[in-house]
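Below is one structure, written out as structure tokens, with a few remarks after it.
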There are 2 protein chains.
Amino acid sequence: MFKKVIIAEDFEEFNLAVKQTLSDFDIVNFQHAKYCDDAFLKIRKAIQDNEPYDLLISDLSFKKDHREVKIGSGDELIQKVRELQPDIKIIAYSIEDKNARIKSLFEDSEINAFVLKGRNSIEELKKALNIISASDQKFISPEVASALQEKGNYEIDDVDIKILKYLSDGTSQDEIIEIFKSSDVKPNSKSAMEKRLSKLKDFFKANNTVHLVSITKDMGII
Amino acid sequence: MFKKVIIAEDFEEFNLAVKQTLSDFDIVNFQHAKYCDDAFLKIRKAIQDNEPYDLLISDLSFKKDHREVKIGSGDELIQKVRELQPDIKIIAYSIEDKNARIKSLFEDSEINAFVLKGRNSIEELKKALNIISASDQKFISPEVASALQEKGNYEIDDVDIKILKYLSDGTSQDEIIEIFKSSDVKPNSKSAMEKRLSKLKDFFKANNTVHLVSITKDMGII
DNA sequence: TTTCGGATTATGGATTTCCGTAAAATACTG
DNA sequence: CAGTATTTTACGGAAATCCATAATCCGAAA
């Protein structure tokens with residue numbers, strides 16, 4: 001089982017529950033941070049002191065408040081920590097149930113477990129701890145397990161997302177083209193734009209642009 | 001202080017924290033429900049048994065799962081409970097920070113307190129308990145207190161919201177008109193529709209329809 | 001009843017978006 | 001290099017939306 005654990009979580013309710021869970025496993029050496037920045041600093045410090053953490057349990061979304069932060073989301077924190085300390089085990093602990101985001105966590109950041117906050121999350125957290133401490137097996141909450149099986153035929157690239165964001169921001173197609181031209185984004189013709197939009201609408205089964213933006217907003221893509 | 005409390009909350013982490021808080025106030029007679037339906041039944045039962053609850057602490061959003069439910073959200077639960085037992089005190093306990101929704105809770109459902117889940121929510125929950133148990137004063141978490149001061153010049157009516165919902169659902173303006181005509185919603189001409197949309201865009205400072213839907217989605221109106 | 005003000009509806013033209021086709025540019029292959 | 005495939009760009013007509021103006025309806029007040 002793990003010896004030294006750090007928790008990145010802004011809500012005290014979840015902090016409390018995680019601490020309780022860790023205690024049940026007789027893990028006493030743990031710390032928590034309410035901001036991603038703090039968590040990252042602690043992890044770096046621990047490495048320097050030659051007493052690294054062997055587990056990070058991190059939330060994904062953190063509330064913004066008065067404080068200025070460098071790392072604003074758990075996704076970023078996880079990414080940075082994975083680079084800094086490749087062998088640390090990571091559990092993402094979140095209410096996020098968007099397939100695309102979960103998939104990317106496993107594939108890009110190589111998290112070891114994803115526990116979905118919900119009616120039985122403490123039980124699942126315990127399962128995750130058991131599994132990933134004993135082996136290199138992954139754990140994912142059953143409610144969202146389908147996220148990984150989903151065929152990753154996401155041909156949606158950065159430009160697509162950029163377009164969607166501009167659209168949802170009230171920019172007209174013509175204006176977006178102008179912006180792309182003046183910032184030398186590769187395809188910047190009216191027709192390329194329209195073709196992309198057409199593909200996107202096809203992909204997301206959207207009837208029109210309004211619908212498309214509505215759908216992608218719901219899916220957490222923009 | 002309160003004698004008999006019921007909590008409607010699906011996440012066990014929050015349940016745990018609330019129970020802990022109540023214990024700190026020496027409140028021992030409390031129950032919790034993970035589904036709105038259950039909470040409502042318990043409240044009704046308690047009235048019939050002549051031992052009604054004097055406080056409801058309710059979350060607003062509940063995860064959907066396999067189970068079929070009649071009451072799907074805390075907003076509905078609160079509304080129904082307020083009708084059933086007008087003198088019960090109600091605390092909404094949620095991460096919801098959309099002004100429109102909070103305002104409506106105070107004005108339409110006459111909740112007694114709104115506690116925003118966050119980095120210091122337990123402390124705020126305690127404050128809320130103190131204030132509303134001793135008087136008829138309202139409590140609202142400072143981070144969202146501005147929601148109440150907002151000028152309520154919401155001339156946005158049901159039809160507007162219906163239109164926005166249809167739009168975000170991919171329905172074209174013409175199609176919406178057809179729907180309105182066949183279900184005899186009052187204004188159902190092309191121009192009335194366009195005028196309404198124009199007003200909405202004006203009100204929300206939206207550049208176009210896509211922008212409008214995007215904004216109202218973000219505000220939690222649709 | 002008449003008049004007024006508002007709300008709804010009608011109309012038409014400007015603008016934007018939609019969608020298919022085709023030309024041009026670029027990449028890839030043998 | 002020639003030939004093919006893929007991507008990007010160009011163009012044009014159809015459809016939808018945007019916007020201003022004018023006509024109509026309808027209830028309230030004089």
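Every chain is numbered from 1 and lettered A, B, ... according to where its sequence line falls, protein lines coming before strand lines.
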- prompt: Is A:K138 close enough and on-axis enough to A:F106, meaning under 6.0 Å and within 45°, for cation-pi?
  reply: no
- request: Using a 4.0 Å heavy-atom cut-off across all strands, classify B:S198 as base, sugar-phosphate, or nothing.
  value: nothing
task: Look at all strands and tell whether B:Q173 reaches a base, only sugar-phosphate, or nothing, counting heavy atoms closer than 4.0 Å.
output: sugar-phosphate
Nearest-angstrom distance from the residue atom [atom1] of [X] to [atom2] of [N]:
| X | N | atom1 | atom2 | answer |
| --- | --- | --- | --- | --- |
| A:D174 | D:dC18 | CG | C1' | 14 Å |
| B:R196 | C:dT9 | CZ | P | 10 Å |
| A:M193 | C:dC18 | CE | C1' | 13 Å |
| B:N208 | C:dT16 | CG | C1' | 10 Å |
| B:N188 | D:dT24 | CG | C1' | 15 Å |
| B:K195 | D:dA20 | NZ | P | 11 Å |
| B:E194 | C:dG12 | CD | C1' | 11 Å |
| B:I176 | D:dA16 | CD1 | P | 13 Å |

Do any side-chain nitrogens or oxygens of [X] fall under 4.0 Å of OP1 or OP2 in [N]?
| X | N | answer |
| --- | --- | --- |
| A:S189 | D:dT9 | yes |
| B:K201 | D:dC18 | yes |
| B:T209 | D:dT17 | no |

query: Does A:L167 or B:A192 map to a spot on DNA chain C nearer the 5' end, using the closest nucleotide for each?
result: B:A192
message: Among C:dA10, C:dT17, D:dC11, which nucleotide has an atom closest to any side-chain atom of B:S191?
response: C:dA10
- prompt: Between the side chains of A:E13 and B:S121, is a donor N or O closer than 3.5 angstrom to an acceptor N or O?
  reply: yes
message: I'd like to know if the side chain of B:K217 pairs up with that of A:S214 as donor and acceptor (distance under 3.5 Å, no hydrogens or angles considered).
response: yes
- prompt: Is a side-chain donor or acceptor of B:Q85 paired with a backbone partner of B:Y53 at a separation under 3.5 angstrom?
  reply: yes
- prompt: With no hydrogens and no angle check, is any side-chain donor or acceptor of A:R119 less than 3.5 Å from a backbone partner on B:K63?
  reply: yes
